[in-house]
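Numbers here simply count residues along the sequence, with the first being 1. The shown structure was predicted, so the numbers you read here are calculated from the model rather than taken from an experiment.
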Amino acid sequence: EGILLFFIVHSAVNPALLGLRFIVVFVLSQAVRIPFYLLKRWYFFSAKRVLSRANVTVIGITGSYGKTTTKEFLAHILSRTFRVVYTPEHVNTDIGITKYLSRTDFTGVDVCIVEIGAYNLGDIALITNIISPHIGIITAVNEQHLSLFGSIERIQQTKFELFAALPKTGLGITNSDNKYCREMLPSCTVPYKTYGTQEEFNPNMWIEYHGLKNGVQQITFHDGTQQ
């Protein structure tokens, strides 16, 4: 482009070549994007095909914070009973997730946990269309990435794309302590459960913290019927 611009500046037919310059730059930019677009589509197709052939329960996790910690704890707990695979650290975008899934052997796997990040409205919907989650967990919603989304309402809408993608027999799980999560619950069309430390918001799983005793954290889980 630099050589072409130099030629244009020193040419007697500047206007025509100036227009040509922009055409060439546009064509080159599109030519670069096409291979990347095709590669992404291949990963999307491959991941969806692999998961459709595997008899696994897919759990999607998203939220403004706490995604990775929740994923790690959940994988550790479930692995005591089931064979679990989950997306590696820092892998939560469409290309990263589908690349990982397309290369994963699901033979004998019971549960697949997918951490889902989002930077634009529709990002989570795109990924859930590929992974078809059975269970969705929204850890929390806050103003993180507000500059990208433009409003807290758009962040809420994006995060709850996960619940919108769940089947009627699926289950959504979210944080009742978080007001932005609570605000979205009336619009949910799938069964959901809540958890939280504030009893006033009537969580299905109330988590009561008693402090430290002999160096060990004392926590009681109330599920509404028993401790």
T158 side chain reached by F149 side chain, heavy atoms, under 4.5 Å: yes
Donor-acceptor pair, side chain of T220 and main chain of E208, under 3.5 angstrom: no
Minimum-distance pair of heavy atoms, taken over all atoms of G196 and P203: N-CB, 3.6 Å
Listed once per pair and sorted, the ring-ring contact (aromatic ring centres under 6.0 Å, His included) pairs that draw on residues 78-126, sequence neighbours left out: Y119-H145
Residue pairs fulfilling salt bridge (Lys or Arg N to Asp or Glu O under 4.0 Å) with at least one residue in residues 61-71, sequence neighbours excluded: K71-E115
same_hphob_cluster(I97, I95) at 4.5 Å side-chain heavy-atom cutoff: no
Close side-chain approach of L166 and P133, heavy atoms under 4.5 Å: yes
Gap separating the CZ atom of F160 from the CD atom of Q156, nearest 0.5 angstrom: 7.5 Å
Nearest-0.5 Å distance that lies between atom CD in E183 and atom CD in E153: 8.0 Å
Side-chain (N178) to main-chain (V141) donor-acceptor, under 3.5 angstrom: yes
Connected via hydrophobic side-chain network under 4.5 Å: F201 and Y209: no
Chi angles and distances behind the side-chain contact (heavy atoms from CB on, under 4.5 Å) call for I135, I173: CA-CA 8 Å; I135 299 172; I173 302 171; 4.2 Å; yes
Which residues share a side-chain contact (heavy atoms from CB on, under 4.5 Å) with A165, sequence neighbours left out: T128
Contact summary for K168 and P191, nearest pair of heavy atoms: O-CD, 3.5 Å
Spatial distance of atom OH (Y192) from atom OG (S176) [nearest 0.5 Å]: 10.5 Å
Side-chain heavy-atom pair I113, I61 within 4.5 angstrom cut-off: yes
Heavy-atom pair of closest approach, residues L162 and G136: CD2-CA, 3.8 Å
Joint hydrophobic cluster, F163 plus L171, side-chain heavy atoms closer than 4.5 Å: no
Approximate separation, where rounding is to 0.5 Å, of Q198 CD and N175 CG: 8.5 Å
Side-chain touch I116/I131, heavy atoms, less than 4.5 angstrom: yes
Check: S102 side chain, Y43 main-chain N or O, donor-acceptor pair, under 3.5 Å: no
Heavy-atom closest pair, residues A140 and C181: CA-SG, 3.8 Å
Y65 with L148, same ILVMFWY side-chain cluster at under 4.5 Å: no
Heavy-atom check, side chain of I59 versus side chain of L74, under 4.5 Å: yes
Distance-only donor-acceptor check, side chains E143 and Y180, under 3.5 Å: yes
Short side-chain to backbone donor-acceptor contact, K48 and N129, under 3.5 Å: yes
V50 and L101: CA distance, side-chain angles, deciding distance, side-chain contact (heavy atoms from CB on, under 4.5 Å) verdict: CA-CA 7 Å; V50 168; L101 294 177; 5.8 Å; no
Interatomic spacing from CG in L126 to CG in N120 - rounded to 0.5 Å: 11.0 Å
side-chain contact (heavy atoms from CB on, under 4.5 Å) between M205 and T194, worked out: CA-CA 6 Å; M205 179 63 73; T194 60; over 6 Å; no
Verdict with reasoning, L121 to Q157, per side-chain contact (heavy atoms from CB on, under 4.5 Å): CA-CA 8 Å; L121 191 66; Q157 184 179 348; 3.8 Å; yes
N214 (side chain) donor-acceptor with V216 (main chain) under 3.5 angstrom: no
Same cluster (ILVMFWY, side-chain, under 4.5 Å), V58 and F73: no
Heavy-atom donor-acceptor pair, T69 side chain to G66 backbone, under 3.5 Å: no
Close side-chain approach of N204 and D223, heavy atoms under 4.5 Å: no
Interatomic distance, D177 atom CG to T197 atom OG1 [nearest 0.5 angstrom]: 3.5 Å
Note, T98 side chain near I130 side chain (heavy atom, < 4.5 Å): yes
Closest approach of I138 to Y195 (non-hydrogen atoms, all atoms of both residues): O-OH, 4.2 Å
Any donor-acceptor N/O pair, H210 side chain to I219 backbone, under 3.5 Å: no
For the student: nearest non-hydrogen atoms of G117 and I127, plus distance: O-CD1, 4.3 Å
Student check: side-chain heavy atoms of V56 and L51 closer than 4.5 Å: yes
